[in-house]
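The structure under discussion appears below in the form of structure tokens.
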Amino acid sequence: MPPPAAASTKNLYNIISLVPIILMCRSKKSTNIIQSLTPKSHHSKSPFKRNPSSLSSESSSTNYPSSSSINFFSSSFNTYSNPYSSSSIPSKKSLKTLKEASLPESPNIYNFIEICRATNNFLSKPFSSSSSSTSWRCQIRQKEVILTQRKFRHRDPIQLPELQQRLSTICRSHHSSLVKLLGATTSGNCIYLVYEYVHGANLATCLRNPQNRNYTILSNWLSRMQIATDIAHGLDYIHHCTDSGSGSGFVHNHIKCSSIIITEDPLNAKICHFGTAELCGEIDGSERRSRSLDRSDSKGKKIEGTRGYMSPEFQESGVVTQKSDVYAFGVVVLELVSGEEALRYVFDEGSGGFRRVSVIERAREVVGSGEGGGNRIRSWVDRRLKDSYPVEVAEKMVLIGLECAEEDPEKRPDMEQVAVRISKLYLESKNWAERIGMPIDFSVSMAPR
């Protein structure tokens, strides 16, 4: 038995050691907070393994990034004794690291040397090429990207401060149906845009496979409705959920089948070249605010576009508006339904020559055929769907495409309205597929049969 003095000393030591525990247990809330802030061993399931980019700003969230990515814990426990208390002020260093980890990465202003190195001084084989741009698939800063070279529309190239301002606005825009712009640089009269690389194929190739015209990856009606829905919501986001600095949203100005990437498993659509029109000088402040432009003002104005997708007012005046995007979207919808090209040449037996036929003209002929118009539309829908689709939904999709492709821009609907209508038709198509027992979730291959 220990001496009495030693026993009293031991009891006093136990009482003193229990004081912090009693103080901490005064409030159940403070106990939970302390427990949540205590580092767990690597054997237990850690609540901090959350992606820093998905941090919520709500005060009720208790999920924090891991301590490896953010220096959340302080050497002084008093700083974080109660993170929900207004009296607790975290250190500036911790706030800075939290901001850097939670916010999306800033747009990059690349060095031209990086561009040359990535493209082997532009001697590498281009990924794609057109009259107005050239693209390379390469690696920059350990990321697989698509580098696009475009010429400025105006003689005076964009200056660095303005480029940074425009890039910061464009790169803040995030949507699942948009290919992300990572950054850009300029050299001479050219701008080099760096986009993330997305695995897949463009919509034109998916609809009209060059190796086998009878094969299409979009052989299911529901897959085509999914593509139309993705494009509609992506374009609606560009028009209404982005701020171009002029009080209104952006204009895409490059909506066409070849500018839409179809991702593999699952089949979804992503719109390419977002921000190109803004950064290349295709749109300036005066054009954004004006709805029309006199012919005298448009003399010498170079108009760049793809035949079949350019609206009548854009061909006449060169002014790019959101209604021009709606027109191009209507053409894409008609292509999705019919599988035909936006503009093609067919042989005319009467004249013995070729005549140009647009998908809009064909749709108008089918809809305006009077009696039996429904049967005409059914015969016009892509045969590779094998008559396995809801006819009423297909008819409504043709009407939406024609409304968007009206010659008078004032008669075209807004993309917000179009996105809602197409979403409803997608749900109708999904219900139809479930009723007849069609497979909804299935794997696909981009390769032709």
Side-chain angles (χ1 to χ4, degrees), residues 128 130-135 146 148-154 158 163 166-167 169-171 173 175 177-181 184 190-191 193 195 202-204 231-261 269-293 297-298 301-333 335 342-343 404-407 409 412 414-415 418:
S128 63
S130 66
S131 59
S132 59
S133 66
T134 305
S135 299
I146 293 294
T148 302
Q149 178 195 46
R150 282 183 175 271
K151 289 186 177 182
F152 286 107
R153 287 285 302 276
H154 302 293
I158 188 173
L163 177 63
R166 293 190 186 184
L167 272 179
T169 304
I170 295 169
C171 294
S173 305
H175 194 275
S177 296
L178 298 180
V179 177
K180 184 181 177 182
L181 176 65
C190 292
I191 185 169
L193 305 171
Y195 289 90
N202 66 58
L203 181 56
I231 302 171
H233 283 283
L235 196 52
D236 174 40
Y237 178 85
I238 293 173
H239 286 183
H240 300 103
C241 301
T242 57
D243 184 10
S244 63
S246 62
S248 61
F250 282 95
V251 177
H252 189 279
N253 194 34
H254 293 279
I255 295 295
K256 52 187 176 181
C257 278
S258 59
S259 295
I260 297 166
I261 298 296
K270 285 183 174 288
I271 302 173
C272 304
H273 308 311
F274 171 52
T276 296
E278 184 80 16
L279 294 170
C280 295
E282 298 174 12
I283 305 169
D284 55 29
S286 60
E287 289 181 357
R288 273 199 214 101
R289 292 189 295 269
S290 63
R291 288 274 183 177
S292 61
L293 192 68
D297 294 334
S298 62
K301 190 176 186 67
K302 186 179 179 181
I303 298 176
E304 293 182 7
T306 304
R307 291 188 179 275
Y309 297 95
M310 293 187 293
S311 61
E313 72 275 9
F314 173 64
Q315 296 183 53
E316 181 181 354
S317 64
V319 175
V320 181
T321 65
Q322 292 180 352
K323 292 295 185 180
S324 304
D325 286 344
V326 176
Y327 182 94
F329 174 77
V331 177
V332 172
V333 168
E335 287 185 83
L343 200 63
C404 293
E406 281 280 354
E407 292 194 5
R412 297 172 202 156
D414 188 82
M415 274 311 303
V418 175

Side-chain touch [X]/[Y], heavy atoms, less than 4.5 angstrom:
X: Lys256; Y: Val332; value: no
X: Leu235; Y: Val418; value: no
X: Tyr195; Y: Thr276; value: yes
X: Leu163; Y: Ile191; value: yes
X: Leu343; Y: Thr306; value: no
X: Arg150; Y: Ser132; value: yes
X: Phe274; Y: Val179; value: no

Taking all non-hydrogen atoms of both residues, which atom of [X] and which atom of [Y] are closest, and how far apart?
X: Ser173; Y: Thr242; answer: OG-CG2, 3.2 Å
X: Thr169; Y: Phe250; answer: CG2-CZ, 3.9 Å
X: Ala328; Y: Ile255; answer: CB-O, 3.4 Å
X: Met415; Y: Ala232; answer: CE-O, 3.6 Å
X: Gly308; Y: Val331; answer: O-CG2, 3.4 Å
X: Cys404; Y: Phe329; answer: SG-CD2, 4.2 Å

Which residues satisfy the side-chain hydrogen bond (donor to acceptor under 3.5 Å, both in side chains) test with [X], sequence neighbours excluded?
X: Gln149; value: Tyr192
X: Thr148; value: Ser135
X: Thr134; value: none

**OP:** May I have the step-by-step check of side chain to side chain contact (heavy atoms under 4.5 Å, CB included) for Cys257 and Asn202, ending in yes or no?
**Re:** CA-CA 7 Å; Cys257 278; Asn202 66 58; over 6 Å; no
[atom2] on [Y] to [atom1] on [X], rounded to 0.5 Å:
X: Glu335; Y: Ile260; atom1: CD; atom2: CD1; answer: 8.5 Å
X: His175; Y: Tyr237; atom1: NE2; atom2: OH; answer: 7.5 Å
X: Cys241; Y: His233; atom1: SG; atom2: NE2; answer: 11.0 Å
X: Leu203; Y: Ile261; atom1: CG; atom2: CD1; answer: 9.5 Å
X: Ile231; Y: Asp236; atom1: CD1; atom2: CG; answer: 13.5 Å
X: Gln315; Y: Met310; atom1: CD; atom2: CE; answer: 4.5 Å

Short side-chain donor-acceptor distance under 3.5 Å, [Y] and [X]:
X: Ser177; Y: Lys270; value: no
X: Tyr327; Y: Thr321; value: no
X: Glu282; Y: His254; value: yes
X: His239; Y: Asp414; value: no

**OP:** Look at Arg412 together with Glu313 and state whether they make a salt bridge at an N to O cut-off of under 4.0 Å.
**Re:**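 Looking at Arg412 and Glu313, the cut-off is met.
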Subject >> Under 3.5 Å donor-acceptor, Asp325 side chain and Asn253 backbone >> reply: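 Checked: pair present.
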